[in-house]
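Because the structure is a prediction, the values reported are computed rather than measured. Residue numbering restarts at 1 for every chain, and letters A, B, ... go by the order of the sequence lines. Hydrogens, waters and symmetry mates are skipped; everything else that's a heavy atom, side chains included, is used.
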Amino acid sequence: MMIRKQDILCLAGAAVFACSPLVLDAYWTDVLNNIGLYAILALSLNIILGQCGLFQMGHAAFFAIGAYTSAILNTMFDIPLLWTMPLAGILAGIFGLIVARPIIHLRGDYLLIVTIGIVEIIRIALINDVGGLTGGANGIFGIDRPMLFGLKIKRPYQFFYLIWGFCAVTIFLFHRLENSRFGRALNYIKDDDVAAEGSGIDISKYKLIAFVIGAFWAGMVGTIFAGKMKIISPESFSFWESVLLFTIVILGGMGSIRGVLLGAFLIIGLPEVFRDFASARMLIFGAAMVAMMIFRTQGLLPPLPRKYDVSRFFSKAEGEQS
Amino acid sequence: MSLVELKNLTKTFGGLLAVNDVSFNVEEGSIVGLIGPNGAGKTTVFNLITGNYIPDTGEAVFNGKNVVGMQTHRIVNLGIARTFQTIRLFKSLNALENVLSGCHCRMKSGVFASMFRTRKQRAEEKHVLEKAMAELEFVGLKDQWDIQADSLSYGKQRLLEIARALATEPKFIILDEPAGGMNDQETQELIDIIKAIRDRGITVLLIEHDMSLVMKICEHLVVLEYGAVIAEGDPETIKNDPRVIEAYLGADDDLL
């Protein structure tokens, strides 16, 4: 396998980043943790919104279902938190499948409105204490800390490694997904769904799979979030969270993993950096967004073209020439 | 044997009768032309065969199977491929990836195989890369494999659409105005490519306004006017058919 210069730079950057809890205090480590959670959520949204071009602004709904699933299983049945992670993902995925099935043929703005509705339905259902399980507006408290290999994860730097470790796995798997038959199919649908269908791609099926993978991943992030906060309540899963995630993907670059990571750092990190400017920071933030949508519509770091090794198809021809 | 049999296809859009009781057969291994004045319903007939539209009545039988009501991607799976009149390439992707989209329906690897990059998945990727490059070479675009689709010239975009359609491994290919926007030299190359497609054992049905192309390569012609078939036969017969001449009146008679 080829090792490229870029890969080495990436690894070096990751290694430096991995050392950051050593120099940062608990507060800033926690900021990085938040960035990490949003980064993973935005990466999962990126499959739906960035890769497949489906305008989904209800991603917090899947996140909420994952978090509540873990919280309920942990507080009521004493199941260790991280064990609930697959189930949190699966339930969120099934929910994604059920809600997406009837709306999957909707285009652009119509889909956007329906997904906004879904996230509101979930939030209001949680406030109304559905089935006596969700604790109403107060939410659920007393959630256990996650245990990993017998180690209780409770300090910010411990969470840093849990969250960013999960983020690294996510990047690795999603990068592979992007460079596969599946990833290409999503891009074809985004570019021109009539041509995609006409080229033999079952577009409804692929849109649904994109939704389910996005929902599944968001659900798993919910588990980590529940363990980090110890208390979850409907407020954490408001429409605003969905908007933030949507913005991260659009700002960073639709369909670009590195773009989404940068977007998470900017959208979640910058307001912390500029906390001193208090209310003005939202104004600056808003103005920056407007400027970007005018001057750089493809996002800060748009996706790079996929790489294909086609040299073997040309070597013979070149040999004949020389 | 007829590969495709259209039986009494009718399609209305509101009050407009776009396709009126159209029936004709396409023999296996032939090149058939569907001609007629603008707005005669040619593209609508294509869309009825490929499942983009569902006819009000009638059947489209492919290889002994009625495809009416089937989803487009299933019809592609059965072996019917098409190109579009208004070019519909994946504009932001390069030529190779456009052709790879055609390979999609002949591939199997799913989400998990892709995430864990199984041996089978890697072998499949390698195989389709070969196939896609071969199709690019077939239409003469091999050297432009990494050019973004919308940066190619109009004529080359049409060829790329053909390569994409061929990558689905069709038995039957439908070309909607393949020479549209091409210069004389490109049209000449296109004629060779269409013949080569037929020589690969793929049956061709095409809509074309360039009569010199149609007369040169089609063995059988079907003429449509106001949604109905007004004449059918070999190019010589069609050329001299009074109804066809009348339909084209106003256009230059020399064209026919």
J.: Let me know if B:I80 has heavy atoms under 4.5 Å from chain A in its side chain, its backbone, both or neither.
T.: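 B:I80 has no heavy atom closer than 4.5 Å to chain A.
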J.: Could you measure the distance from the CD atom of B:E97 to the OH atom of A:Y308? Nearest 0.5 Å is fine.
T.: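 So the gap between those two atoms works out to 3.5 Å.
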J.: In terms of side-chain heavy atoms, does A:Y206 have a donor or acceptor partner in B:H104 at a distance below 3.5 Å?
T.: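 The criterion, which ignores hydrogens and geometry beyond distance, is satisfied for B:H104 and A:Y206.
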J.: Once you round to the nearest 0.5 Å, how far does NE2 of B:H73 lie from OG of A:S204?
T.: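 One gets 6.5 Å once the value is rounded to the nearest 0.5 Å.
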J.: Mind ranking A:G183, A:S180, A:A185 by heavy-atom pairs under 4.5 Å with chain B and telling me who comes out on top?
T.: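 Among the listed options, the one with the most contacts to chain B is A:S180.
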J.: Using non-hydrogen atoms and a 4.5 Å limit, figure out which bit of B:F84 sits close to chain A: side chain, backbone, both or neither.
T.: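 The side chain, not the backbone.
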J.: Counting only heavy atoms from other residues, nucleotides and ligands, does the tally under 6.0 Å from CZ of B:R74 exceed 12?
T.: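 Counting neighbours around CZ of B:R74, 12 or fewer heavy atoms of other residues, nucleotides or ligands fall under 6.0 Å, so no.
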J.: Nearest 0.5 Å, what's the CG-OG distance between A:N179 and B:S114?
T.: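 That separation rounds to 10.0 Å.
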J.: Atom CG in B:L129, atom CZ in A:R312: separation rounded to 0.5 Å?
T.: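 It comes to 5.5 Å.
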J.: Check each atom of B:R164 against the heavy atoms of chain A and say whether the ones under 4.5 Å are side chain, backbone, both or neither.
T.: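 Side chain only.
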J.: Heavy-atom distance under 4.5 Å to chain A: side chain of B:L93, backbone, both or neither?
T.: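 Its backbone and side chain both get close to chain A.
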J.: Working to the nearest 0.5 Å, report the span between CZ of A:F172 and CZ of B:R117.
T.: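 One gets 7.5 Å once the value is rounded to the nearest 0.5 Å.
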J.: Name the option with the most non-hydrogen atom pairs under 4.5 Å to chain A; the candidates are B:A81, B:G51, B:S109, B:C103.
T.: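 Of the candidates given, the most pairs with chain A belong to B:S109.
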J.: Run the salt-bridge test on A:R184 and B:E125 with the 4.0 Å N-O cut-off and return the result as yes or no.
T.: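 Yes, A:R184 and B:E125 are salt-bridged.
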J.: To the closest 0.5 Å, what do you measure between CZ (A:R306) and CG (B:N94)?
T.: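 The CG atom of B:N94 is 9.0 Å from CZ of A:R306, to the nearest 0.5 Å.
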J.: Looking at B:F90, is A:K190 sitting on its ring face, NZ or CZ under 6.0 Å from the six-membered ring centre and within 45 degrees of the normal?
T.: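 No; the conditions do not both hold, so A:K190 does not lie above the ring face of B:F90.
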